[in-house]
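First the structure, in the form of structure tokens, and then the observations on it.
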2 protein chains.
Amino acid sequence: MSIDVGARLRSVRLSFGLSQRELARRAGVTNGLISLIEQNRVSPSVSSLKKVLDGVPMALAEFFTLDLSVAPQAFFGADELVELGNPEVSLRLVAAQRAGRQLTLLHQRIAAGAATGEDKPGQRGEEAGVVIRGRIELTVGGAMRVLGPGEAYYFASHLPHRFRNVGREACEIISACTPPTF
Amino acid sequence: MSIDVGARLRSVRLSFGLSQRELARRAGVTNGLISLIEQNRVSPSVSSLKKVLDGVPMALAEFFTLDLSVAPQAFFGADELVELGNPEVSLRLVAAQRAGRQLTLLHQRIAAGAATGEDKPGQRGEEAGVVIRGRIELTVGGAMRVLGPGEAYYFASHLPHRFRNVGREACEIISACTPPTF
DNA sequence: CCCTCTCGTCTAAGATCCTAAACACCATGA
DNA sequence: TCATGGTGTTTAGGATCTTAGACGAGAGGG
């Protein structure tokens, strides 16, 4: 075939965050058919492929136009994040190689006692994050607070800000900023 | 279905001037299948539709992108040609409204005694035509000749040229030029 | 007239698609 | 530990696609 309808369909389905059963329900077909198509075990009829794509929804022309080689990667394993920081303050970037990225998502790990330096000012974007492990002392403008797991922050990047791990264990944070600075 | 694969395929096949059997031979399928698909009696599998389109050839994406509602009109009644000239020198254009047209086909009618003015120079295309009725005196560069029914001409548009009807009846010519100037 | 060629259509039989249901696996939670 | 609910996969059988071949219609040519 060389078209690889299966890979295309799987790619489309995952990019919409659907399970085989959920897509099948929306499309009015069975989950087994989705599975068989994605494995290229069958070549679907145009009518059933159309039914499936209607569940997304996506037009047939768009489906066949998809360029899988440059299809945006939707999922990243832990080891696929790109390390930008140092052993003390680790910054691991999601979708680093993606062109035209609109935001930056980081998995940060700040060792006990470590701190980030004052960021250069002049950035106009915004920054936000959620602490997932440990505790972090965050200073934004004149305010300071210690955040623990489940707590979060959100501020304009131009404000002076500083992270400092005052606890005894490493602190992990998932943070996002826009526009992308990396 | 609302996609009408059958009409699309028939349209594509005819636009390539192929019979069902000829297309089937090129595609490696049977003529019966082409017939059934074109009648929408079956919805072909993607793999067999791809085989069929490979015989044209045309990509699946292009096939589904075809907009039948604006499908290029293939036939034009005499009253569907668009009049561009004047009563003395009538220029009736074929497929006037077609976007992206690559050439211009005209049905010209030049009244007895009438003549076309010297065309503006600087055109790089070519021009050709066949006289179907009456007689026309055509001057191209330094050469001149009178053409009657069945006779034809072909010259580069940048050469100075002039048509003059020296007979007593109107002269009709079918002419083409490229690139389109109208 | 027949003969031959090509056209698109139709039909029975074989190949493939599609469904319904079961399966194995992995989480989460009682 | 067992139950529950999620995932993707597999399989038998019915539905559909596809083929091979026959059919009828129309267009020349002898």
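Atoms considered below: every heavy atom in the structure, side chains included; atoms not considered: hydrogens, waters and symmetry mates. Bear in mind the structure is a predicted one, so any value in this text is a computation, not a measurement. By convention in this document, chain letters (A, B, ...) are assigned in the order of the sequence lines, proteins followed by strands, and residues within each chain are numbered from 1.
- Rounded to an integer number of Å, the gap from CD of Gln20(A) to C1' of dT19(C) is 15 Å.
- Without hydrogens or angle criteria, Asn31(A) side chain to Gln20(A) main chain gives no donor-acceptor distance under 3.5 Å.
- Under the ring pair (Phe, Tyr, Trp, His ring centres under 6.0 Å) criterion, the residue pairs touching residues 28-65 of chain A are Phe64(A)-Phe64(B), with sequence neighbours excluded.
- Rounded to the nearest 0.5 Å, atoms CZ (Arg25(B)) and CG (Leu18(B)) are 9.5 Å apart.
- Within 4.0 Å of Thr30(B), counting heavy atoms only, lies at least one base atom of the nucleic acid.
- A salt bridge between Arg8(A) and Asp4(A) is absent, with no side-chain N of the basic residue lying under 4.0 Å from a carboxylate O of the acidic one.
- Considering SG of Cys171(A) and CG of Asn165(A), their distance stands at 5.5 Å, rounded to 0.5 Å.
- Rounded to the nearest 0.5 Å, atoms OG (Ser45(B)) and CG (Leu49(B)) are 8.0 Å apart.
- The CZ-C1' distance, from Arg21(B) to dC10(C), rounds to 12 Å in whole Å.
- Rounded to whole Å, the distance from CG on Asn31(A) to P on dC25(C) is 18 Å.
- When rounded to the nearest whole Å, the span between CZ of Arg25(B) and C1' of dG8(C) equals 18 Å.
- Distance, Leu23(B) CG to dC7(C) P: 12 Å, rounded to whole Å.
- Among the protein residues, Ser35(A) comes within range of the nucleic acid bases, having at least one heavy atom under 4.0 Å from a base atom.
- Ile34(B) places its CD1 atom 18 Å from the P atom of dT6(C), with the value rounded to the nearest Å.
- With Pro44(B) as reference, Ile37(B) is the one residue of Leu33(B), Val52(B), Ile37(B), Ile34(B) to meet the side chain to side chain contact (heavy atoms under 4.5 Å, CB included) rule.
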Open item on the list: Using the rule given for side-chain contact (heavy atoms from CB on, under 4.5 Å), can you reason through Arg168(B) versus Arg135(B), listing the C-alpha separation, both sets of side-chain angles and the distance that settles it, and then say yes or no?
Closed with: CA-CA 9 Å; Arg168(B) 289 214 300 256; Arg135(B) 301 176 68 78; over 6 Å; no
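- Using a 4.5 Å heavy-atom cutoff, the side chains of Arg26(B) and Glu22(B) are in contact.
- Nucleic acid contact for Gln39(B): sugar-phosphate only, since backbone atoms but no base atoms lie under 4.0 Å from a heavy atom of the residue.
- Taking atom CD of Glu22(B) as the reference point, atom P of dC7(C) lies 8 Å away to the nearest angstrom.
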Do any N or O atoms of the protein come closer than 3.5 Å to N or O atoms of nucleotides 12-17 of chain C, and which pairs are they?
residue : atom : partner  : partner atom : Å
dC17(C) : OP1  : Ser43(A) : N            : 2.7
dC17(C) : OP1  : Ser43(A) : O            : 3.4

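- A 4.0 Å heavy-atom criterion places the boundary nucleotides of DNA chain D facing chain B at dC17(D) to dA22(D), written 5' to 3'.
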